[in-house]
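So the structure is just underneath, and the comments pick up after that.
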Amino acid sequence: MHLPVAVIGAGPFGLSTAAHLRALGIPVRVFGDPMVSWRDHMPAGMLLKSTPAATNIDAPQRGHTLVDFCDAAGIPRLVKDDDIIPIETFIAYGDWFQQRLVPELERVRVVSVDRRGSVGPGSASVGFELKLSSGELFTARAVVVATGLSGLAHLPPELAGAAPDGPSPVGPVSHASQHHDLSRFSGKDLMVVGAGQSALETAALATEAGARVRVVVRGRGSVGFGTPPWEQPRFRPQSPFGRAWSLWALCYYPHPYRYLPAQLRHYLVRHVLGPLGAWWLRDRFEGKAEITEVARIIRADAPDRRPVLTVRTDDGRTRQLSADHVIAGTGYRVDIAAMDFLSPELCTELAVSRGTPKLGAGYCSSVPGLYFTGLPAAASYGPVMRFVCGTQFASPRLARHLAASDL
Ligand SMILES: Cc1cc2nc3c(=O)[nH]c(=O)nc-3n(C[C@H](O)[C@H](O)[C@H](O)COP(=O)(O)OP(=O)(O)OC[C@H]3O[C@@H](n4cnc5c(N)ncnc54)[C@H](O)[C@@H]3O)c2cc1C
């Protein structure tokens, strides 16, 4: 059968998977806006937390690493663990990778994916029917979902009271993914909720843009920063995330991860490597943004469209905090229900665990021919799937599984 494989997504995971499938001679159609999460949903001026060695988009042939891109672009090589990658460089790397290895990318959205059904009793499934935003309908032999962060921004329920219609950059409460240019907060009082890299870097960039920033975090001492590469223990194995046995195992041996108990898998995905600021962010953050540690946020209101957080302090008192705007740096949660392009029938058929697809060998879901990679695969293959370096493990395995399957 010569039906193509549909890859939905043109971020690092979609591009890498498509490159591997093409290298195996499999016809592919790739959909999405290249590097859009990085271009539109992260702040301008951001620096990457991952080291250069952990920021390669995996390709089936040599010559497509971040260093190769630096050489091709005529910019200084980023190689050492303390070389920090500006977001603009990484976006340009992704675009370069796409133009070289996935030139046939189609900049349209996939509106729906449904099973095409079976030919007759006992016969194999004959693929998936996809509808595109261009109006085209076509049949794919298999579908790879690589939609990454799209649609998965998480707003905790306690903040939702001040954003009844959802977070919005022009309302009282927004999500960090809704901002690219933080200079609009110059001269304003801004509250940032969260203690992860996204929250802390948003806070640092906003103070540098002239905002007065208060970071609201849960628990004492919860704002922390990583250890600089030169201070990391030498006698532990090197991994793309730093020196530690646990990180080394999670990065290079994610195969057994999916056999761990579900509770442990979900816990590790959330807690390994975070929430923690990058080592280089400390000096830009400390003494510039105010930190307010609370036991919990009780609720958020927006009288006169000005957000007010009601919080419980560590000594049990209730306090109110207000600002001109609140940014929730509260991360992303995978939920199949939020992938509105998957038909209700497919969603019902998919085996899930806490909203995430349960994946088997080769990143295949319980629906034969339907694959997930990147963040939606993290509950099955571990926290490495949250990061670009996860492409190194995922993409060749997914492509080989698909090539070998009888679809
Ligand atoms: C603030 C921040 C900082 C980060 N820093 C780092 C870092 O330093 N290092 C690191 O390794 N990781 C970092 N990450 C994680 C990083 O974003 C992910 O590892 C990476 O972007 C995931 O790539 P992806 O290809 O899975 O998805 P994304 O990059 O999110 O791309 C999603 C793609 O799906 C497409 N798409 C979505 N829906 C549809 C549809 N219906 N039809 C067609 N196309 C669709 C989009 O157009 C897009 O092309 C960071 C994340 C955040 C939020």
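No experiment lies behind these values; they were computed from the predicted model shown. Atoms within a ligand are numbered from 1 in the order they appear, just like the ligands themselves.
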> Quick one: salt bridge (Lys or Arg N to Asp or Glu O under 4.0 Å) pairs with a partner in residues 81-90, sequence neighbours left out?
Replying inline: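 For residues 81-90, and leaving out neighbouring residues, the salt bridge (Lys or Arg N to Asp or Glu O under 4.0 Å) pairs sorted by first residue read K80-D83.
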>> Under 6.0 Å between ring centres: does that hold for F31 and F138?
In response: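 Yes, ring centres under 6.0 Å apart.
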> Quick check, are the ring centers of H175 and Y332 under 6.0 angstrom apart?
Replying inline: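 For H175 and Y332, the ring centres are under 6.0 Å apart.
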Solution key, residues 9-26 side-chain donor-acceptor pairs under 3.5 Å, sequence neighbours excluded:
| residue | atom | partner | partner atom | Å |
| --- | --- | --- | --- | --- |
| S16 | OG | D58 | O | 2.7 |
| S16 | OG | S395 | OG | 2.6 |
| T17 | OG1 | F13 | O | 2.6 |
| H20 | NE2 | D58 | OD2 | 2.8 |
| R22 | NE | E104 | OE2 | 3.4 |
| R22 | NH1 | L101 | O | 2.5 |

>> Applying side chain to side chain donor-acceptor pair (under 3.5 Å), can you list everything that pairs with Q99, at least two apart in sequence or on another chain?
In response: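 Scan of Q99 (side chain to side chain donor-acceptor pair (under 3.5 Å), adjacent residues dropped) gives none.
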> Under a 4.0 Å heavy-atom cut-off, which residues neighbour ligand 1?
Replying inline: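 Within the 4.0 Å shell of ligand 1, which is judged on heavy atoms, sit I8, G9, A10, G11, P12, F13, G14, F31, G32, D33, V36, S37, W38, M42, M46, L48, K49, S50, V108, R109, V110, A146, T147, G148, L149, S150, S198, Y332, F341, R386, F387, V388.
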>> Can you classify the ring geometry of F393 versus Y381 as parallel (below 30°), tilted (30 to 60°) or perpendicular (above 60°)?
In response: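 Tilted, since the angle between the ring planes falls between 30° and 60°.
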